[in-house]
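Below you'll find the structure, written out as structure tokens, and then a few comments.
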Amino acid sequence: MNRLVPAALIVAGVVASCAARTGLPAPERSDAHAFDAGPDEPVGCTPGDIPLFAATPEVMFVLDRSGSMRSAFDGPHSRWQVLRDALAATLPPVDGKMAVGALLFPSGSSNADCTVAPQANLAPALGNVSALVSLMQANKPGGSTPTAAAIDVAAALLLDLRAASAARALVLATDGAPNCNPSLDPKTCDCPTGNGGSGNCHGDAERCLDDVRTVQRIAAAFAQGIPTYVVGIADAGDNTFSKALDAMAQAGGRPLVNAPTSYYPARSASDLDAALAAIRNQVGACTYLTTSVPDASGSIVVTLDGQTLPFAPDGGASGWSWADESNGEIMLDGATCTAAAADAGITLVAHVTCGEDAGADAEAGADADDASDADETSTDGAGD
């Protein structure tokens, strides 16, 4: 619902908030669509110069703990251990400013397990980083990869927590192909094998690549105002699932821009650290809220320290875009984000016009022009 329109704003600072819970709940399949709560009331339109305030990031980490995460990665440690260490290294700077939650999937550990718990392992809260690391330490990899169901559960939780002062997002970290869709045909589906190729699924539909449905679920979450950042963990040179990961990242609305992939590629421990740090910075420092959103016939112009920012709906080197227009969430992009993160004293202002006001302004302008024309006519007549 992005709209190319003008705008102005006032902002200061970076942010976050929430509370914790650990332990895997009893396994339960969660395969139905989870978005039945309906959207919140959208932010209304109030004309004028509107101060922006920094949003509180509420982030759910949706973490793939399937059996393949036991594989060694960039050294002697497993992918799961390297992911845990990367989160432990990158999240402490925002521990008191970002509400962190987590959902580990699948919830069981048998080889074919496709279950997803109906609630988070860790509810979003401030100060949750150590609890997240402990949760990962206590749970080892095992099972299949029910990504679509995990996205449903995590997004539904954030929708339930939706608040006017929060900016919600999912961070999906996965090392491979989503599966666990019993409706697929094992005779014709793409069936990934351990060596990076495809083969016959031998009558087991849940081993089929479930990329289409997963992309649809991520897109459904984004349509509800929940974007997804996608981190793809793979060995150097392994691009087996790049196509699926790219599609997932694009559907999530937060793809990498001007990069070889749309998802955040992690080919090493340092890549994973960098990817998580980049996502942390974008979610934590670059989302702001306006209490007024223009209606269909209104407009918004955004300025940074008096300079108009370009509107870049698809992201860009600088400027702003809507993170969730109905909730008044504005994302600063590229160099603009960097400037905002570095200087808490910047001034952002949104100048908003509403349809009725725009019409009234136009009418007032027309009346003024008519009056001016009448004066000129009168003056000319007097001169004659």
Side-chain angles (χ1 to χ4, degrees), residues 61-90 102-106 111 113-114 136 139-148 150-151 154 170-181 189-199 201 206-215 217-218 228-252 254-280:
F61 286 87
V62 186
L63 305 178
D64 176 2
R65 61 177 289 272
S66 61
S68 58
M69 289 291 284
R70 289 192 296 259
S71 302
F73 183 64
D74 192 25
H77 300 297
S78 70
R79 293 173 177 179
W80 184 249
Q81 291 171 316
V82 174
L83 175 59
R84 179 200 65 204
D85 292 346
L87 290 168
T90 57
L103 176 71
L104 313 188
F105 70 98
N111 287 340
D113 192 274
C114 281
M136 295 184 70
N139 291 278
K140 309 305 180 186
S144 296
T145 315
T147 312
I151 290 293
L170 303 179
V171 177
L172 170 64
T174 180
D175 74 337
N179 52 26
C180 293
N181 187 349
C189 72
D190 184 358
C191 191
T193 59
N195 60 9
S198 293
C201 275
E206 292 195 332
R207 291 176 58 194
C208 294
L209 180 65
D210 188 32
D211 55 338
V212 173
R213 184 179 67 151
T214 301
V215 167
R217 298 299 174 82
I218 292 174
T228 299
Y229 296 84
V230 178
V231 179
I233 303 168
D235 295 331
D238 182 1
N239 297 310
T240 307
F241 304 118
S242 287
K243 182 178 179 181
L245 290 167
D246 274 336
M248 291 156 64
Q250 291 158 11
R254 294 294 178 269
L256 281 172
V257 178
N258 299 323
T261 63
S262 295
Y263 66 97
Y264 289 79
R267 309 294 190 185
S268 65
S270 59
D271 281 354
L272 192 51
D273 286 351
L276 291 171
I279 294 169
R280 172 202 67 196

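The figures that follow rest on heavy atoms only: side chains count, while hydrogens, waters and symmetry mates do not.
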For a quick test of reading the model, state the closest non-hydrogen atom pair linking [X] to [Y] and the distance between them.
{"X": "Pro106", "Y": "Gly142", "value": "CG-O, 3.4 Å"}
{"X": "Thr261", "Y": "Leu256", "value": "O-CB, 3.4 Å"}
{"X": "Lys140", "Y": "Arg65", "value": "O-NH2, 2.5 Å"}
{"X": "Ser78", "Y": "Phe73", "value": "C-CB, 4.2 Å"}
{"X": "Ala244", "Y": "Asp211", "value": "CB-CB, 4.0 Å"}
{"X": "Ser270", "Y": "Ser268", "value": "OG-OG, 3.0 Å"}

Under a 4.5 Å cut-off applied to non-hydrogen side-chain atoms, are [X] and [Y] in contact?
{"X": "Leu245", "Y": "Thr174", "answer": "yes"}
{"X": "Leu63", "Y": "Trp80", "answer": "yes"}
{"X": "Val230", "Y": "Ser262", "answer": "no"}
{"X": "Ser242", "Y": "Tyr263", "answer": "yes"}
{"X": "Met248", "Y": "Thr214", "answer": "yes"}
{"X": "Cys114", "Y": "Ser144", "answer": "yes"}
{"X": "Val82", "Y": "His77", "answer": "yes"}
{"X": "Phe61", "Y": "Val231", "answer": "no"}

Q | Stepwise side chain to side chain contact (heavy atoms under 4.5 Å, CB included) test for Tyr229 and Leu170 | A | CA-CA 6 Å; Tyr229 296 84; Leu170 303 179; over 6 Å; no

Between [atom1] of [X] and [atom2] of [Y], what distance do you get to the nearest 0.5 Å?
{"X": "Tyr264", "Y": "Asp271", "atom1": "OH", "atom2": "CG", "result": "13.5 Å"}
{"X": "Thr228", "Y": "Leu172", "atom1": "OG1", "atom2": "CG", "result": "7.0 Å"}
{"X": "Arg213", "Y": "Asn179", "atom1": "CZ", "atom2": "CG", "result": "9.5 Å"}

Q. Hey, are Arg70 and Asp175 close enough for a salt bridge, meaning a charged N less than 4.0 Å from a carboxylate O?
A. no

Taking the side chain from [X] and the backbone from [Y], do they hold a donor-acceptor pair closer than 3.5 Å?
{"X": "Asp190", "Y": "Leu209", "value": "no"}
{"X": "Asp238", "Y": "Ala234", "value": "no"}
{"X": "Arg280", "Y": "Thr90", "value": "yes"}
{"X": "Arg254", "Y": "Ala249", "value": "no"}
{"X": "Thr145", "Y": "Thr147", "value": "no"}

Q. Has Lys243 got more than 12 heavy atoms of other residues, nucleotides or ligands less than 6.0 Å from its NZ?
A.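 No - once you tally the heavy atoms of other residues, nucleotides and ligands closer than 6.0 Å, there are 12 at most.
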
Q: Can you spot which of Asp235, Asp85, Asp74 makes a salt bridge (Lys or Arg N to Asp or Glu O under 4.0 Å) with Arg79?
A: Asp235

Q) Shorter than 2.5 angstrom, is that how the SG atoms of Cys191 and Cys201 come out? A) yes

